[in-house]
Engineer: 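Just dropping this structure here.
Here is the naming used below: chain letters follow the sequence lines, and residue numbers restart at 1 for every chain. Because the structure is predicted, anything quoted here is derived from the model rather than measured.
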2 protein chains.
Amino acid sequence: MNMDTKSLLIDTSTILFQQKGYKSVGLNEILKACNVTKGALYHHFPNGKEELLITCLHSLNEVIITDIEAIFSRHLSTKEATISMIDTLIHQFEKDGTITGYTFSSIVSEMATMSEPVRNACGALYENIQNIYCKKLQADGFSNESATSIALFMTASIEGAMMLCLTQKSADPLKTIASLLPNLLNSLQ
Amino acid sequence: MNMDTKSLLIDTSTILFQQKGYKSVGLNEILKACNVTKGALYHHFPNGKEELLITCLHSLNEVIITDIEAIFSRHLSTKEATISMIDTLIHQFEKDGTITGYTFSSIVSEMATMSEPVRNACGALYENIQNIYCKKLQADGFSNESATSIALFMTASIEGAMMLCLTQKSADPLKTIASLLPNLLNSLQ
DNA sequence: CCTAACATACCAACTGGTCTGTTTCTATTA
DNA sequence: TAATAGAAACAGACCAGTTGGTATGTTAGG
């Protein structure tokens, strides 16, 4: 089984979907970007575009979890790990103008109310991210309950900050979040 | 000058754009929802769909600012006002399953990198929201600088929480944010 | 030789947008 | 006040381009 074409399709369209959303990206655009024909696409994804998107979300899930987990195991406290993670986001944003590989807000807001499978895939992704935060917070000494709350708070504020970065064409919102989050962690410990 | 048709178009498509994003909403869908013809639409919006969207964003701006300002003038402290505001969002979400009139994340994430005019309109909207928070925080005694930071933090976490609500089909994320924000405000005062 | 992995022509449905009417309102003038 | 001119407010047919998807091929590898 030759996975190269399939992987190429997934990797390319993951980026495109993240940058532009679902409807904005046409099959022809994906095909051209991959230099692949429609026959090949429908061979690997018989159910078409939405199946491709969901596969992309699963793939993205693995990438994000791996990356964040690596950062979080590299640092002692949640505080340090979070700052390091946001730093990574900031650098990518300042380099590329977008954040691929960490966010999928375009897909959430566009598809959550339209397709249950897509909504579930997105939900699982957020859940996994929150779980990493949550475990580290518990290791920091937080109670089960407050760790869950804070993890959600972190996920939300980082996701929201990325939206603000997009509209402002500046990484400042993420920087502000990074500087405030430690205070929040201290105040609740 | 008869504004009824134009207003109807703006109000209807504002909701549709908020719920589904920009590309997902077709002109025909808007036209059918309004019971208006293409001729009428292009009479009021000669530059077509994008002009309609930007007009919707401006209209949304006024609505949001008016609503939030009303809530914030009704309460003494930022803490109380914020909780009251989030309560409004929670109630709407639990009633309708969506939050129209307060968020436009679908448009931001989809269009911010595609159209400068749209990005600017979205940026202005976030800026206005933050300004309301900021002023109230200053009235609470926060310094200019920290008021700005906290206002951004509030905007981001609320916006992010709404995304989480969408994926979870539950208002819990917003509730969590509402219960944590007061702690943050206390810890920084 | 059979199946996986393509390639390509084709399709109906729909997209945003234009063009040419027609109606309705309104201001002006005889 | 009635007639009329002109503009605003539509209505609806039409269009080229694109959409996601299919059907029927061909090619290459085990």
Engineer: Side chains of residues 69-76 of chain A: which donor-acceptor partners sit under 3.5 Å, not counting sequence neighbours?
Structural biologist:
residue : atom : partner : partner atom : Å
A:Ser73 : OG   : A:Glu69 : O            : 3.2
A:Ser73 : OG   : A:Ala70 : O            : 3.0
A:His75 : NE2  : A:Ser84 : OG           : 3.2

Engineer: List, one per line, each side-chain donor-acceptor pair under 3.5 Å for residues 56-68 of chain A, sequence neighbours excluded.
Structural biologist:
residue : atom : partner  : partner atom : Å
A:Asn61 : OD1  : A:Asn128 : ND2          : 3.0
A:Thr66 : OG1  : A:Glu62  : O            : 2.6

Engineer: Please give, in whole Å, the distance from D:dT18 P to B:Leu27 CG?
Structural biologist: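 Spelled out: CG on B:Leu27 to P on D:dT18 is 17 Å.
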Engineer: Can you tell me which residue pairs pass the ring pair (Phe, Tyr, Trp, His ring centres under 6.0 Å) test with a partner in residues 5-39 of chain A, sequence neighbours excluded?
Structural biologist: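 Applying ring pair (Phe, Tyr, Trp, His ring centres under 6.0 Å) to every pair that reaches into residues 5-39 of chain A, excluding sequence neighbours, yields A:Phe17-A:Tyr22.
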Engineer: Under the side-chain contact (heavy atoms from CB on, under 4.5 Å) rule, collect the residues that match up with B:Ser146, sequence neighbours excluded.
Structural biologist: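 If we apply the side-chain contact (heavy atoms from CB on, under 4.5 Å) test to B:Ser146, skipping adjacent residues, the hits are B:Phe142, B:Ser143.
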Engineer: Would you mind reading off the distance between B:Glu29 atom CD and C:dG17 atom C1', rounded to a whole angstrom?
Structural biologist: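 Taking CD of B:Glu29 and C1' of C:dG17, I get 18 Å after rounding.
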Engineer: Within this structure, what is the CG-to-C1' distance between A:Leu8 and C:dC6, rounded to whole angstrom?
Structural biologist: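 Going from A:Leu8 (CG) to C:dC6 (C1'), I get 14 Å.
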Engineer: I'd like to know if A:Ile15 and A:Leu9 are part of one continuous hydrophobic network [Ile/Leu/Val/Met/Phe/Trp/Tyr, side-chain heavy atoms within less than 4.5 Å].
Structural biologist: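 Per the 4.5 Å side-chain linkage, A:Leu9 and A:Ile15 are not co-clustered.
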Engineer: Just how far, in rounded Å, is P of D:dG21 from CG of A:Asn47?
Structural biologist: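 So the CG-P distance, A:Asn47 to D:dG21, works out to 9 Å.
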Engineer: Listing request: all salt bridge (Lys or Arg N to Asp or Glu O under 4.0 Å) pairs with a residue in residues 93-117 of chain A, at least two apart in sequence or in separate chains.
Structural biologist: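 Found A:Glu94-A:Lys175, A:Glu116-A:Arg119, A:Glu116-B:Lys169.
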Engineer: By a strict heavy-atom criterion of less than 4.0 Å, which residues belonging to residues 30-42 of chain B are in contact with DNA chain C?
Structural biologist: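 Output list: B:Lys38, B:Tyr42.
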Engineer: For the residue pair A:Gln19 / A:Ser24, report whether a side-chain donor-acceptor contact shorter than 3.5 Å exists.
Structural biologist: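 Checked: A:Ser24/A:Gln19 side chains show no N/O donor-acceptor pair below 3.5 Å.
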Engineer: In whole angstrom, what separates A:Glu51's CD from D:dT22's C1'?
Structural biologist: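 Rounded to the whole Å, the gap is 15 Å.
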Engineer: Within less than 4.0 Å of OP1 or OP2 of C:dA5, is there a side-chain N or O belonging to A:Thr5?
Structural biologist: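 So the side-chain polar atoms of A:Thr5 never come under 4.0 Å of the phosphate oxygens OP1 or OP2 of C:dA5.
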Engineer: If you check the A:His44 side chain, which of C:dC6, D:dG20, D:dC10 turns out closest?
Structural biologist: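 For the A:His44 side chain, the nearest candidate turns out to be C:dC6.
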Engineer: Scan for salt bridge (Lys or Arg N to Asp or Glu O under 4.0 Å) pairs involving residues 144-159 of chain B, sequence neighbours excluded, and state none if there are none.
Structural biologist: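 Sorted result for residues 144-159 of chain B: empty, none.
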Engineer: Rounded to the nearest angstrom, tell me the gap between atom NZ in A:Lys20 and atom C1' in D:dT19.
Structural biologist: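 Atom NZ in A:Lys20 sits about 15 Å away from atom C1' in D:dT19.
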Engineer: Hey, what are the protein-to-nucleotides 26-30 of chain D N/O distances that come in under 3.5 Å?
Structural biologist:
none

Engineer: How would you list all residue pairs meeting salt bridge (Lys or Arg N to Asp or Glu O under 4.0 Å) that involve residues 19-40 of chain B, not counting sequence neighbours?
Structural biologist: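 Qualifying pairs, neighbours excluded: B:Lys20-B:Glu29.
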Engineer: Ignoring backbone atoms, test whether A:His43 places a side-chain nitrogen or oxygen under 4.0 Å from the OP1 or OP2 oxygen of C:dA5.
Structural biologist: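 Yes, such a contact exists.
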Engineer: Among residues 104-112 of chain B, which ones have heavy-atom contacts with DNA chain D below 4.0 Å?
Structural biologist: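 By residue number: none to list.
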Engineer: Given atom CG of B:Leu52 and atom P of C:dT15, what is their separation to the nearest angstrom?
Structural biologist: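 It works out to 15 Å between those atoms.
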Engineer: Is B:Ile83 linked to B:Tyr133 within one hydrophobic cluster, defined over Ile, Leu, Val, Met, Phe, Trp and Tyr using a side-chain heavy-atom separation of less than 4.5 Å?
Structural biologist: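 No; B:Tyr133 is not reachable from B:Ile83 via cluster members.
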Engineer: Output all residues satisfying side-chain hydrogen bond (donor to acceptor under 3.5 Å, both in side chains) with B:Ser109, sequence neighbours left out; order by chain, then residue number.
Structural biologist: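 B:Ser109: side-chain hydrogen bond (donor to acceptor under 3.5 Å, both in side chains) contacts with A:Ser109.
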Engineer: Do any pairs count as a salt bridge (Lys or Arg N to Asp or Glu O under 4.0 Å) and have a residue in residues 124-133 of chain A, sequence neighbours left out, and if so which ones?
Structural biologist: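 Listed by first then second residue: nothing to list.
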Engineer: Ignoring backbone atoms, test whether A:Asn28 places a side-chain nitrogen or oxygen under 4.0 Å from the OP1 or OP2 oxygen of D:dT18.
Structural biologist: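 So the side-chain polar atoms of A:Asn28 never come under 4.0 Å of the phosphate oxygens OP1 or OP2 of D:dT18.
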Engineer: Would you kindly give the CG-to-P distance between B:Leu16 and C:dT15, to the nearest whole Å?
Structural biologist: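 Going from B:Leu16 (CG) to C:dT15 (P), I get 13 Å.
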